[in-house]
Each structure stands twice: as structure tokens, then as C-alpha cells.
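Encoded as C-alpha cells, the structure appears first; notes follow it.
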Amino acid sequence: MEKRNELYAGKAKSVYATDDADRLILHFRDDTSAFDGKKVEQLARKGMVNNKFNAFIMGKLKEAGIPTHFEALLSDNECVVKKLDMIPVECVVRNLAAGGLVRRLGVDEGMELNPPTFELFLKNDAKGDPMINESLAETFGWATPEQLTTMKTLTFKVNEVLKQLFLDGGMLLVDYKLEFGLFHGDVVLGDEFSPDGCRLWDKDTREKMDKDRFRQGLGGVIEAYEEVGKRLGMRFD
Ligand code: ATP
Ligand code: TYD
């Protein structure tokens with residue numbers, strides 16, 4: 001597969017065309033951002049760790065029957081994916097209260113959410129990724145009702161698979177964000193699943209092992225990501 005021109009440079013990944021019109025290369029960079037890009041730093045090894053972490057998780061999701069864009073690891077920092085028409089709607093599931101939910105509703109961090117909640121956000125940095133709902137998504141044409149139903153079903157299916165996977169490694173999957181896109185009309189999971197886009201706590205100590213370490217300046221960010229991976233049986237060398 002031939003790597004061609006850069007199509008897009010996001011906050012953490014760069015997207016390249018290939019000689020196959022249906023395939024892209026994602027390059028995971030060391031850039032780390034939070035607060036809609038207001039806090040940005042380079043964290044050594046992050047691109048490699050997230051690329052391999054994402055490959056591992058996408059493999060587990062595929063085994064569970066979830067359609068994903070992931071095709072193959074290409075190098076330490078790159079993977080090949082199906083080229084999707086991205087749906088500009090982010091799906092967030094929460095098992096425990098944290099982050100934005102605590103800020104919005106004033107509930108206690110760590111409160112168990114039963115049943116888990118499902119929220120939609122518009123993927124639009126300039127507008128600060130505002131919260132939306134199914135009605136707004138349909139009216140503004142961001143996604144059809146059928147696509148939204150599939151996205152919700154798949155997002156909860158991911159929850160069942162990953163909640164147990166992390167629990168087996170002694171961790172709680174607090175919340176996470178997924179992005180979907182269309183591949184020849186079918187809804188497929190895109191982007192990445194890594195500690196950059198979810199919250200993970202140690203089951204016993206509730207120590208944060210995700211991007212909140214960066215957001216809150218706790219240090220040991222990549223060390224925590226690697227610890228999460230190792231607990232799931234990943235190797236990063
Ligand atoms: P955010 O950090 O909020 O996700 P971003 O655009 O800065 O936004 P990056 O991860 O840096 O995010 O960039 C990757 C870009 O590639 C995102 O816009 C994402 O939606 C897009 N993308 C991910 N997977 C695919 C795919 N399979 N096909 C096409 N585009 C994709
Ligand atoms: P949330 O608590 O709504 O936002 P914040 O990170 O500002 O506190 O986020 C819920 C989960 O979804 C959290 O693990 C981060 C992830 N997420 C993203 O990675 N990107 C996003 O644009 C959004 C809305 C959430």
C-alpha cells in the first residue's frame with residue numbers, strides 16, 4: 001500500500017490518502033490536547049502507545065461482531081483503516097459520573113449510573129463540541145434516525161465488551177466517546193479507542209489512568225496509558 005498526500009491534520013492524528021480510494025493511513029502523533037485545544041503538549045511515546053492500544057481494542061471489538069474501520073497496523077505510529085464519511089456526532093456512554101456530567105448536574109464524581117447514560121455531541125471545535133440530541137441531528141442533517149439508532153446500539157454493545165475487558169484488568173470503564181462513519185452506506189466505528197477518549201480508574205484505588213492525568217496536570221500520563229495496556233496483555237516495545 002502506497003502512502004500519498006496528507007488529507008487532514010487533527011489535534012492528535014494525521015490522515016493520509018493511499019493508492020486505494022477506500023483506504024486511509026492514520027498517523028498517531030505525540031501531540032496531546034485538552035479543553036478544545038487550549039492545552040497542548042507533546043508527550044513522548046504517546047502516538048505509538050495509542051496506535052497499538054487502539055489496534056488491540058479494535059481487534060477485541062471486531063471479535064465481538066462490531067463493524068470497525070480498522071484494517072492493520074502499519075508501523076509503530078500508523079495504521080490502515082477503511083476510509084469513512086465521518087458522521088459529525090460523538091456518542092458518549094457513562095457508567096460512572098465524571099467530567100462534564102459532574103460539572104453540568106453537580107452530582108458526585110464516581111456516582112454509579114444505572115442504567116448507563118447516552119449523550120450526543122456535535123463534532124465542531126469552533127463551537128466547543130456542544131451537546132445535541134437526536135432531533136437536532138435529524139433536523140440539521142448530521143445523521144438520519146436510522147443511523148442514530150445503529151450508533152446507539154453499537155455504542156452500548158461496545159460498553160458490554162469493554163466494561164468486562166477492563167474489569168478483568170482491575171479497571172473501571174467510567175465513560176468514553178465513539179465516532180462513527182459510513183463505508184459504502186453502512187455505519188462503521190471509526191477514529192480511535194484509547195485512554196485519550198475515555199476515563200479509566202483503578203478498580204480498588206480509583207486512581208485515574210486516562211487523559212484526566214493530562215487535563216488535571218497529575219503527571220505520569222503515558223506511564224498510566226502503558227499500565228492500562230499491560231494489564232490487558234499488550235506490549236509496547
Ligand atoms: P478530535 O480530537 O475532537 O477527535 P480532531 O479532528 O482533532 O478531533 P484527530 O484524532 O486528531 O481528531 O484527527 C483524526 C481525524 O480523522 C478526525 O477528524 C476523525 O473524525 C477522522 N477519522 C477517523 N477515522 C476516520 C476514517 N476511518 N475515515 C475518515 N476519517 C476518519
Ligand atoms: P465529558 O465528561 O463530556 O467531557 P470532558 O472531557 O470535557 O469532561 O466526556 C466524556 C468522555 O468522552 C470522556 O472520557 C472524554 C470523552 N470525550 C472526548 O474524548 N472527546 C469529546 O469531544 C467529548 C465530548 C468527549
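We count ligands from 1, going down the list as the structure has it; atoms in each ligand are counted the same way.
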query = Is the shortest side-chain N to carboxylate O distance from K83 to D20 below 4.0 Å?
reply =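 Not counted as a salt bridge, because no side-chain N and carboxylate O are separated by less than 4.0 Å.
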task = In plain terms, say whether D191 and K13 are close enough for a salt bridge, that is, a side-chain N and a carboxylate O under 4.0 Å apart.
result =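 Yes.
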Please work out whether any backbone atom (N, CA, C, O) or any side-chain heavy atom from C-beta onward of [X] is under 4.0 Å from ligand 1, and answer side chain, backbone, both or neither.
{"X": "V81", "value": "side chain"}
{"X": "V15", "value": "side chain"}
{"X": "K82", "value": "backbone"}
{"X": "H69", "value": "side chain"}
{"X": "D85", "value": "neither"}

Nearest neighbour in protein (non-hydrogen) for [atom]:
{"atom": "atom 11 (C) of ligand 2", "result": "D175 OD1, 3.4 Å"}
{"atom": "atom 15 (C) of ligand 2", "result": "R215 NH2, 3.7 Å"}
{"atom": "atom 22 (O) of ligand 2", "result": "E90 OE1, 2.6 Å"}
{"atom": "atom 1 (P) of ligand 2", "result": "R94 NH2, 3.4 Å"}
{"atom": "atom 7 (O) of ligand 2", "result": "R103 NH2, 3.0 Å"}
{"atom": "atom 2 (O) of ligand 2", "result": "G100 N, 2.7 Å"}
{"atom": "atom 20 (O) of ligand 1", "result": "E179 OE1, 2.9 Å"}
{"atom": "atom 24 (N) of ligand 1", "result": "D191 N, 3.1 Å"}
{"atom": "atom 17 (N) of ligand 2", "result": "K177 CB, 3.4 Å"}
{"atom": "atom 28 (N) of ligand 1", "result": "L84 N, 3.0 Å"}
{"atom": "atom 9 (O) of ligand 2", "result": "R199 NH1, 3.8 Å"}

Subset of ligand 2 atoms that lie under 4.0 Å from at least one heavy atom of [X]:
{"X": "F121", "answer": "3 (O), 24 (C)"}
{"X": "V92", "answer": "10 (C), 12 (O)"}
{"X": "G197", "answer": "14 (O), 16 (C), 19 (O)"}
{"X": "C198", "answer": "14 (O)"}
{"X": "G99", "answer": "2 (O), 8 (O)"}

message = Set out, in order, the CA-CA distance, both residues' side-chain angles and the distance that settles side-chain hydrogen bond (donor to acceptor under 3.5 Å, both in side chains) for N95 and D175, then state yes or no.
response = CA-CA 6 Å; N95 295 304; D175 58 30; over 6 Å; no
Can you see which heavy atom on [X] is nearest to which on [Y], and at what distance?
{"X": "R235", "Y": "K52", "value": "O-CD, 4.2 Å"}
{"X": "D210", "Y": "Y225", "value": "C-CE1, 3.6 Å"}
{"X": "M171", "Y": "L232", "value": "CE-CD2, 4.0 Å"}

Identify, by atom number and element, the atoms of ligand 1 in contact range of [X], meaning under 4.0 Å from any of its heavy atoms.
{"X": "Y8", "result": "6 (O), 13 (O), 15 (C), 18 (O)"}
{"X": "K11", "result": "1 (P), 2 (O), 3 (O), 5 (P), 7 (O), 8 (O), 9 (P), 11 (O)"}
{"X": "L24", "result": "28 (N), 29 (C)"}

message = Does K3 qualify as a cation-pi partner of Y16, given the criterion of NZ or CZ under 6.0 Å from the six-membered ring centre and within 45 degrees of its axis?
response =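 So K3 does make the cation-pi contact.
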Face-on cation placement of K39 at F214 ring, 6.0 Å and 45° thresholds =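 Pair K39/F214 counts as cation-pi.
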inquiry  = Are the side chains of K60 and L165 in contact, using a 4.5 Å heavy-atom criterion?
reply    =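 Answer yes - side chains close enough.
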What I want to know is whether [X] and ligand 1 share at least one N or O pair that is separated by under 3.5 angstrom.
{"X": "M86", "result": "no"}
{"X": "L26", "result": "no"}
{"X": "K13", "result": "yes"}
{"X": "D125", "result": "no"}

query = How are the rings of Y176 and F193 set relative to one another: parallel (under 30°), tilted (30 to 60°) or perpendicular (over 60°)?
reply =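 Taking F193 first and then Y176, their aromatic rings sit tilted (interplane angle of 30° to 60°).
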task = Would you check, one step at a time, whether the test side-chain hydrogen bond (donor to acceptor under 3.5 Å, both in side chains) holds for E78 with S75?
result = CA-CA 5 Å; E78 296 166 308; S75 68; 2.8 Å; yes
query = Side chain of R213, backbone of K208: donor and acceptor closer than 3.5 Å?
reply =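 A pair under 3.5 Å: yes.
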task = Please name the residue in the list L101, V174, L173, N159 that meets the side-chain contact (heavy atoms from CB on, under 4.5 Å) test with R94.
result =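 Between R94 and the candidates, side-chain contact (heavy atoms from CB on, under 4.5 Å) is satisfied uniquely by L101.
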message = Starting from F53, can I reach M48 by hopping between I/L/V/M/F/W/Y residues whose side chains sit under 4.5 Å apart?
response =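 Result: yes, single cluster for both.
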ask   = Would L96 end up clustered with V102 when hydrophobic side chains under 4.5 Å apart are linked, directly or stepwise?
value =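 The answer is no; the residues belong to distinct hydrophobic clusters.
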query = What do the steps show when you test D202 against R231 for salt bridge (Lys or Arg N to Asp or Glu O under 4.0 Å), and what is the final call?
reply = CA-CA 11 Å; D202 179 86; R231 288 193 191 188; 2.9 Å; yes
request  = Answer with yes or no whether K123 contacts ligand 1, where contact means a heavy atom under 4.0 Å from a ligand atom.
outcome  =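 Within the 4.0 Å threshold, so yes.
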message = Under 3.5 Å between any N/O of R104 and any N/O of ligand 2: does that happen in this structure?
response =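 No; the residue has no nitrogen or oxygen that sits under 3.5 Å from a nitrogen or oxygen of the ligand.
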message = Taking the ring centre of each residue, are F156 and F118 less than 6.0 Å apart?
response =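 Yes, close enough.
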